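In what follows, a single structure is set out as structure tokens and then discussed.
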Amino acid sequence: MTDETLRLRLDIAYDGTDFHGWARQGSSTRTVQHTIESALSMVLRTPVELTVAGRTDAGVHASGQVAHADIPRAALDQRSIDGDPARLVRRCAKLLPADVRIFDISEVSPLFDARFSALNRSYVYRVTTHPAGALPTRARDTAVWRRPVDIDAMQAAADAFVGLHDFAAFCKAKPHATTVREVLGMRWVEESTSKEPNLYEAHVTADAFCWNMVRSLVASCLQVGEGSKDTGWVEPLLGETSRSPQVLLAPAKGLTLVDVSYPAPGHYAERARLTRAKRD
């Protein structure tokens, strides 16, 4: 970066139902990245390319996604923006569809990296086991599991995932990429009400996640919870080096990225350096 450019942080939310995931796949495929970049580029009258904290899959939602973009400082000098990035929020809202929103735009240090400066990411998975399925008003963000489950058994399975492990058995591995991750916490909570009976949420936080990892962890817990697998089934899988055919994949619609946390600004660069270093 130079004095003529600046870095913007964007705080983003979206309903992933009608998107083919976050990552741009060409102009003919509807993705979150392409939709936001197109709106920003139109408002700023300059090409914009986003770097995101976590690439969500098709059908996965976000209420706390973070991205950054580098733009020419002169692009903010238009009369309608007057150098204030926050004014872009209203301008973009007029161009964005109803299922994606930018809630905040701010200038940040050029050392901030939405992906590599992140300390951890948190997801919530929402699932019902009620025979009638999800409440219609929550059908787009609530998965359905067709068999009843024992929440204590699911929590016992979840506890085995906490810590630094190789999650190869629970991921779709990418070439030359590590599958070692540190899960900081995984907690199951029953959220049943009279209008939403048999409703459960899994709250999962890790330093980072592999492709399909959260949905695989959730499905494994549900398999234990329904009784098709015992509580001791999970732990041996953490020693495997490739995707296990025993592990199912929970539906994408139940998953929402709810938070990405970052260190203090003075630690952005060091955190990015540590994240880039390949884990043993």
Side-chain angles (χ1 to χ4, degrees), residues 1-119 121-123 140-141 252 255-265 268-269 271-272:
M1 293 184 64
T2 69
D3 291 340
E4 296 178 350
T5 62
L6 73 153
R7 179 158 293 183
L8 298 179
R9 167 177 167 159
L10 291 77
D11 290 272
I12 301 165
Y14 48 86
D15 177 338
T17 305
D18 299 323
F19 288 103
H20 291 269
W22 166 270
R24 188 193 318 109
Q25 300 173 39
S27 59
S28 62
T29 302
R30 191 173 191 258
T31 66
V32 182
Q33 181 179 13
H34 177 71
T35 301
I36 296 176
E37 286 177 348
S38 297
L40 272 173
S41 297
M42 185 174 296
V43 171
L44 292 170
R45 302 174 188 173
T46 188
V48 175
E49 184 172 343
L50 297 173
T51 297
V52 74
R55 292 185 175 190
T56 51
D57 295 334
V60 176
H61 320 291
S63 60
Q65 180 69 277
V66 179
H68 80 255
D70 296 330
I71 67 165
R73 191 171 292 275
L76 287 182
D77 291 339
Q78 303 172 47
R79 180 179 299 178
S80 59
I81 302 171
D82 196 25
D84 182 2
R87 292 192 176 189
L88 292 169
V89 172
R90 183 181 295 274
R91 294 287 306 278
C92 287
K94 296 177 180 179
L95 297 175
L96 290 170
D99 52 0
V100 57
R101 280 292 176 267
I102 305 170
F103 282 100
D104 191 30
I105 302 178
S106 58
E107 182 176 356
V108 289
S109 162
L111 299 177
F112 173 83
D113 188 295
R115 178 183 177 190
F116 290 110
S117 295
L119 290 172
R121 298 151 177 85
S122 296
Y123 284 85
R140 290 168 73 95
D141 75 341
L255 187 60
T256 301
L257 173 62
V258 296
D259 183 67
V260 183
S261 66
Y262 295 92
Y268 287 157
R271 177 60 186 175

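Only this structure's heavy atoms are used, side chains among them; waters, hydrogens and symmetry mates stay out. Being a predicted model, the structure only gives us computed values, none of them experimental.
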The test is side-chain contact (heavy atoms from CB on, under 4.5 Å); show your working for E4 and R73 and say whether it passes. CA-CA 5 Å; E4 296 178 350; R73 191 171 292 275; 5.6 Å; no
Would you check if [X] and [Y] make a side-chain contact, meaning some heavy-atom pair closer than 4.5 Å?
| X | Y | result |
| --- | --- | --- |
| L257 | H61 | no |
| D99 | F19 | yes |
| T35 | P97 | yes |
| Y262 | V66 | yes |
| F112 | P265 | no |
| R55 | Q33 | no |
| L96 | I102 | yes |
| V52 | Q65 | yes |

Indicate yes or no: does D15 engage R140 in a salt bridge with an N to O separation below 4.0 Å.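 Judged by the 4.0 Å cut-off on N to carboxylate O distance, D15 and R140 do form a salt bridge.
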Does R7 come within less than 4.0 Å of E107, counting only side-chain N to carboxylate O?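 No, this pair does not count.
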If you compare all heavy atoms of [X] against all heavy atoms of [Y], which two are closest, and at what distance to 0.1 Å?
| X | Y | answer |
| --- | --- | --- |
| A58 | A252 | O-CB, 3.3 Å |
| A75 | I81 | O-CD1, 4.1 Å |
| R271 | L119 | NH2-O, 3.1 Å |
| S63 | A13 | CA-CB, 3.9 Å |
| E37 | L50 | OE2-N, 2.8 Å |
| A114 | T51 | CB-O, 3.5 Å |

Output yes when a side-chain donor or acceptor of [X] lies under 3.5 Å from a complementary backbone atom of [Y], and no otherwise.
| X | Y | answer |
| --- | --- | --- |
| R24 | T31 | no |
| D113 | F116 | yes |
| S41 | V48 | yes |
| T256 | V258 | no |

Quick check for you: to the nearest 0.5 Å, what is the distance between [X] atom [atom1] and [Y] atom [atom2]?
| X | Y | atom1 | atom2 | value |
| --- | --- | --- | --- | --- |
| S106 | D11 | OG | CG | 6.5 Å |
| I105 | R90 | CD1 | CZ | 12.5 Å |
| I36 | C92 | CD1 | SG | 8.5 Å |

Do T56 and Y14 have side-chain N/O donor and acceptor atoms under 3.5 Å apart?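 Distance-only check passes for T56 and Y14.
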Applying the side-chain contact (heavy atoms from CB on, under 4.5 Å) criterion to I71, which one of L88, L40, L44 satisfies it?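 Among L88, L40, L44, the one that satisfies the side-chain contact (heavy atoms from CB on, under 4.5 Å) with I71 is L44.
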Does CZ belonging to R87 count more than 12 external heavy atoms closer than 6.0 Å?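 Atom CZ in R87 is crowded, with more than 12 foreign heavy atoms closer than 6.0 Å.
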Test side-chain contact (heavy atoms from CB on, under 4.5 Å) applied to Q25 and H34, step by step: CA-CA 8 Å; Q25 300 173 39; H34 177 71; over 6 Å; no
Under the criterion side-chain contact (heavy atoms from CB on, under 4.5 Å), I'd like the reasoning laid out for R115 against H68: C-alpha separation, chi angles, the key distance, then a yes or no. CA-CA 9 Å; R115 178 183 177 190; H68 80 255; over 6 Å; no
